[in-house]
Protein chains: 2
Amino acid sequence: MALLFAALADRTRLRLLNLMNGKEVCVCYFVEILGQSQPKISRHLAYLRRAGIVAARRDGKWIHYKIVVPKRPGAARILSDVLCLLGEDKSMQADLSRLNKACCAPRKLPVLDRAPLPIPVESFTSVAAPRGEIVHRGDAG
Amino acid sequence: MALLFAALADRTRLRLLNLMNGKEVCVCYFVEILGQSQPKISRHLAYLRRAGIVAARRDGKWIHYKIVVPKRPGAARILSDVLCLLGEDKSMQADLSRLNKACCAPRKLPVLDRAPLPIPVESFTSVAAPRGEIVHRGDAG
DNA sequence: AGAATATATTCGCCTTAACGTATACATGGA
DNA sequence: TCCATGTATACGTTAAGGCGAATATATTCT
């Protein structure tokens, strides 16, 4: 349980989790929305992966992340509460609206070059169905 | 919010909070129950103090700690959930039963030399009434 | 095969934190 | 006033985390 809290003890990671709430999101969107360097985003995603909180799925050259419902009901309860409370935060809502705008806004590039849009995923009220997940070095099982 | 999680991201601190759930507890009991060095216990209590999660009250040469209900409802909700979930953990229950035994067991010393017993305090379901709290260097609040 | 793109990892530096040990501070009693 | 006790803080060491910069890996396109 202390490990779960360690994973939550960083503002950037909380923002990432908030963006992933109910959606599977491509890394490129995280970088765009949070306005931070790609290695930084990737490191924080790796931290969440190692903590077993998120899972990655490759889709061509893009990688999508989604939240994994923890096995232990206690951890799941905590995470669910945290996501709910994050949704009440102004800046977190701003992140989400930027994500929506980024996904709907026209790009200069042709449609085929655009990163895949966020995909709705099973949330805490339904059961997860792991599919096509990739495993990096040192991930949690 | 990230700061709250940082405060919860340590097993010793979780054990301390569990022991303080609904009670005001003297430092000497923490040292006895957790079986760890007094400076270590004191440092973790100081960490919780700086995070604004607990408050200290001096009573002679003893100092009692209790949980403070966070101002922000979100943080209060999280902390309340955490305390509830900790109560379901085996080792946390063992800590509590050791605390009960320590408080009720006869001592070699005369009664007047014993540390004050844990005192029930207002919990999350009622409102806090701060009284006689002491402030150390660099505390929150 | 080679270039371009998306993502992950490594490296070096810095900050924070956890710990044991030693010491300081506060209180009460002789 | 001096001493014993309870608690807090300081010091030095070690480990972990966060960051920017550079580099590695994987995939697609030509």
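Here is how names work: the chains are called A, B, and so on, in the same order as the sequence lines, proteins then strands, and each is numbered from 1. For the numbers below, each heavy atom of this structure counts, side chains included, while hydrogens, waters and symmetry mates do not.
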Discussion item. Would the base of C:dA8 count as contacting A:Gln38 through its side chain, where contact means a donor and an acceptor less than 3.5 Å apart?
Written reply: yes
Worksheet item: Quick one: A:His44 NE2 to C:dT7 P, roughly how many Å, whole number?
Response: 17 Å
Worksheet entry | Those residues that, when tested against B:Gln38, pass side chain to side chain contact (heavy atoms under 4.5 Å, CB included) (two or more places apart) | B:Val31, B:Ser42
Show the distances under 3.5 angstrom between N or O atoms of the protein and N or O atoms of nucleotides 15-17 of chain C.
| unit_1 | atom_1 | unit_2 | atom_2 | d |
| --- | --- | --- | --- | --- |
| C:dA17 | OP1 | B:Tyr47 | OH | 3.4 |

Worksheet item: So what does A:Phe30 touch, heavy atoms closer than 4.0 Å: a base, only the sugar-phosphate, or nothing?
Response: nothing
Response to the item:
Sequence neighbours excluded, the answer for side chain to side chain contact (heavy atoms under 4.5 Å, CB included) partners of B:Arg13 is B:Asp10, B:His44, B:Tyr47, B:Leu48
Discussion item. Can you list everything that forms a side chain to side chain contact (heavy atoms under 4.5 Å, CB included) with A:Pro73? Sequence neighbours excluded, please.
Written reply: none
Worksheet item: Just to confirm, is there a sub-4.0 Å distance from OP1 or OP2 of D:dT9 to any side-chain nitrogen or oxygen of B:Arg49?
Response: yes
Worksheet entry | Under 3.5 Å donor-acceptor pair, A:Arg43 side-chain atoms to C:dT7 base atoms | no
Worksheet item: Under 4.0 Å: is that the gap between some side-chain N or O of B:Ser42 and OP1 or OP2 of D:dT7?
Response: no
Discussion item. Rounded to whole Å, how long is the line connecting atom CG of B:Asp59 with atom P of D:dT7?
Written reply: 10 Å
Worksheet item: Rounded to the nearest Å, what distance is computed from the NZ atom of residue B:Lys40 to the C1' atom of nucleotide C:dT23?
Response: 20 Å
Worksheet item: Quick one: A:Arg50 CZ to C:dT9 P, roughly how many Å, whole number?
Response: 8 Å
Worksheet item: For A:Gly60 and A:Gln36, take the nucleotide of DNA chain D holding the closest heavy atom to each; which residue's nucleotide lies nearer the 5' end?
Response: A:Gln36
Protein-nucleotides 2-4 of chain C N/O pairs under 3.5 Å:
none

Practice prompt. Calculate, to the nearest 0.5 Å, the distance between atoms NZ and SG belonging to A:Lys61 and A:Cys28 respectively.
Written response: 10.5 Å
Worksheet item: Measuring from A:Thr12:OG1 to A:Ile41:CD1, what's the distance to the nearest 0.5 Å?
Response: 6.5 Å
Discussion item. If only side-chain N and O atoms count, and only distance matters, is there a donor-acceptor pair under 3.5 Å linking B:Arg57 with B:Tyr65?
Written reply: no
Worksheet item: From B:Ile33 CD1 over to B:Leu96 CG, what is the distance, rounded to the nearest 0.5 angstrom?
Response: 9.5 Å
Worksheet item: Does C:dT7 have OP1 or OP2 sitting under 4.0 Å from an N or O in the side chain of A:His64?
Response: no
Fill in: Distance, rounded to the nearest Å, where B:Phe5 contributes CZ and D:dG18 contributes P
15 Å
Response to the item:
B:Ile41 atom CD1 is separated from C:dC19 atom P, nearest whole Å, by 9 Å
Discussion item. Using OP1 and OP2 only, check whether a side-chain N or O of B:Arg58 sits under 4.0 Å from D:dA8.
Written reply: no
Worksheet item: Atom CG of B:Leu83 and atom CG of B:Asn21: how far apart are they, to the nearest 0.5 Å?
Response: 4.5 Å
Worksheet item: Rounded to the nearest 0.5 Å, how far apart are OH of A:Tyr29 and CG of A:Leu19?
Response: 12.5 Å
Fill in: Distance in angstrom units between A:Trp62 CH2 and D:dT28 P, rounded
9 Å
Discussion item. In this structure, how many angstroms lie between the P atom of C:dT9 and the CG atom of A:Leu45, rounded?
Written reply: 11 Å
Worksheet item: Can you name the salt bridge (charged side-chain N to carboxylate O under 4.0 Å, His left out) partners of B:Arg15, sequence neighbours left out?
Response: B:Asp95
